[in-house]
Amino acid sequence: MSINKAVSIGLAGNELSKTITGSNEVSPGRTAVATGSGAVLGGVAGSGIAIGATAVGVAASPVVVPLAVGGAICAGIASLFDW
């Protein structure tokens, strides 16, 4: 996992939370949605990487989990600021 991928996933999760909630205001609810969105997007992005990694025999879990956690953390932090 690279930090720039986690940040990109987190920012995408934050933007997705704005779409889901219909608001860009800072609130605990939007932060929760952003965190969940970041985790889901990280898991999806990691799965794509994991499928390629599994094809060459690399374990998938070390790729998926850090991206999901990193994406969730970055999305949660990004949702606390109105950008």
Side-chain angles (χ1 to χ4, degrees):
M1 174 193 91
S2 63
I3 294 173
N4 62 350
K5 288 181 186 174
V7 170
S8 297
I9 290 169
L11 293 176
N14 181 40
E15 292 301 317
L16 184 60
S17 75
K18 291 178 185 178
T19 303
I20 291 171
T21 61
S23 171
N24 64 349
E25 295 181 14
V26 176
S27 69
R30 193 169 75 75
T31 298
V33 171
T35 304
S37 298
V40 169
L41 290 175
V44 169
S47 295
I49 295 168
I51 290 170
T54 313
V56 294
V58 178
S61 179
V63 175
V64 177
V65 173
L67 273 179
V69 171
I73 291 170
C74 291
I77 292 171
S79 71
L80 299 174
F81 304 96
D82 187 17
W83 291 342

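Not measured: the values here are computed from a predicted model.
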Novice: Holding to side-chain contact (heavy atoms from CB on, under 4.5 Å), I want the full list of residues that pass it with S27, two or more places apart in sequence or in another chain.
Specialist: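 Testing S27 for side-chain contact (heavy atoms from CB on, under 4.5 Å), a comparison that skips the adjacent residues, returns R30.
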Novice: Can you tell me how far apart CG (L41) and CG (N14) are? Round to the nearest 0.5 Å.
Specialist: 11.0 Å
Novice: I'd like to check the side-chain contact (heavy atoms from CB on, under 4.5 Å) partners of I20; sequence neighbours left out, ordered by chain and number.
Specialist: L16, V33, S37
Novice: Side chains of residues 66-79: which donor-acceptor partners sit under 3.5 Å, not counting sequence neighbours?
Specialist:
unit_1 : atom_1 : unit_2 : atom_2 : d
S79    : OG     : T31    : OG1    : 3.1
S79    : OG     : G76    : O      : 2.7

Novice: If you take all heavy atoms of G42 and I9, which pair is closest and at what distance?
Specialist: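 Smallest heavy-atom distance, with atoms named: N-CG2, 3.5 Å.
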